[in-house]
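No hydrogens, no waters, no symmetry mates; every other heavy atom, side chains included, goes into these values. Worth saying up front: this structure is predicted, and the values here are computed from it rather than measured.
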Amino acid sequence: EKYPDSKILYIIRDPLSVIPSGLSLVTGVLDKRFGFWNLPAEKRQRFINRLYHGLVMLLMRFQKDWTNGRIDKSRVFIVRFDRIMTDFDNLMDEVLEFIDHTPSENLMKDIQETAEKQRNFHSRHEYNLKKFGLNEEQIKFDCAPIYETFLNTLPDG
């Protein structure tokens, strides 16, 4: 209501990356403050399972609202996270067009510099799904509509 002409960029990332990342972030903070990984295994797993289902629910809620027409698609631009890393300059051209903004020369230079950095960036993050009692098949199954709707792939298995 306050910004009726606003536009939103919604970043979608492969659930096989975003879910373990979210779990790692939350459990890491809890471990530093409360010694999460020293809790009894049953208590840890109950918390992880609830957090996992909450993360899946967040992804699925947006997907359901998107496919059921509850979201004005003319005001939302879906940004695939992998494109941020591999096709940043072209993605930014699309974003600038979506928000109807003519970039300055400085902005274009910054975009090109960032694109080069992104193409050469290799994350060192590796997540052990077994640590959280999960596996790829379960995540792909639980998040199948995310793959089909936003990532243009059907999950294996």
Problem set entry | Among D87, D93, L91, the one residue meeting side chain to side chain contact (heavy atoms under 4.5 Å, CB included) with D89 | D87
For this session: Find out whether I111 and F88 are in side-chain contact, i.e. whether some heavy atom of one side chain is under 4.5 Å from a heavy atom of the other.
Result: yes
For this session: Without swapping roles, check the side chain of R44 against the backbone of F36 for a donor-acceptor pair under 3.5 Å.
Result: no
For this session: Keeping the roles fixed (side chain from Q45, backbone from F132), state whether a donor-acceptor pair exists under 3.5 Å.
Result: yes
Exercise. Do L59 and I19 come within less than 4.5 Å of each other through their side chains, counting heavy atoms only?
Worked result: yes
For this session: State whether the number of non-hydrogen atoms from other residues, nucleotides or ligands found under 6.0 Å of N120 atom CG is greater than 12.
Result: yes
Exercise. Any side-chain heavy atom of F77 sitting closer than 4.5 Å to one from E97?
Worked result: no
Exercise. Taking side chain as C-beta onward, heavy atoms only, is L9 less than 4.5 Å from F98?
Worked result: yes
Exercise. Between the main-chain N or O of E137 and the side-chain N or O of N135, is there a donor-acceptor pair closer than 3.5 Å?
Worked result: yes
For this session: Evaluate the side chain to side chain contact (heavy atoms under 4.5 Å, CB included) criterion for residues I8 and R75: first the C-alpha distance (whole Å), next the side-chain angles of each, then the deciding distance (0.1 Å), finally the verdict.
Result: CA-CA 6 Å; I8 296 170; R75 295 180 48 204; 5.9 Å; no
Seminar exercise, completed: Rounded to the nearest 0.5 angstrom, the OH-CD1 distance for Y147 and I12 is 9.5 Å
For this session: Could you pull out all residues at least two apart from S104 that satisfy side-chain contact (heavy atoms from CB on, under 4.5 Å)?
Result: N106, L107
Problem set entry | Exam field: side chain S24 to backbone P20, donor-acceptor pair closer than 3.5 Å | no
For this session: Step through it carefully: locate the ring centre of F62, locate the ring centre of Y10, and say whether they are under 6.0 Å apart.
Result: yes
For this session: Step by step, work out the salt bridge (Lys or Arg N to Asp or Glu O under 4.0 Å) result for E113 and K109.
Result: CA-CA 6 Å; E113 288 173 5; K109 181 180 173 218; 3.7 Å; yes
Exercise. Does the side chain of M92 reach to within under 4.5 Å of the side chain of P103, using non-hydrogen atoms?
Worked result: no
Exercise. Do the charged groups of R119 and E116 touch, with an N to O distance under 4.0 Å?
Worked result: yes
Exercise. How many angstroms lie between atom OG1 of T114 and atom CD1 of I84, to the nearest 0.5 angstrom?
Worked result: 11.5 Å
Problem set entry | Any residue meeting side-chain hydrogen bond (donor to acceptor under 3.5 Å, both in side chains) with N128, in chain and number order, not counting sequence neighbours | none
Exercise. Are W37 and L129 connected in a single hydrophobic cluster, I mean Ile/Leu/Val/Met/Phe/Trp/Tyr linked by side-chain heavy atoms less than 4.5 Å apart?
Worked result: yes
Problem set entry | Note, F47 side chain near L30 side chain (heavy atom, < 4.5 Å) | yes
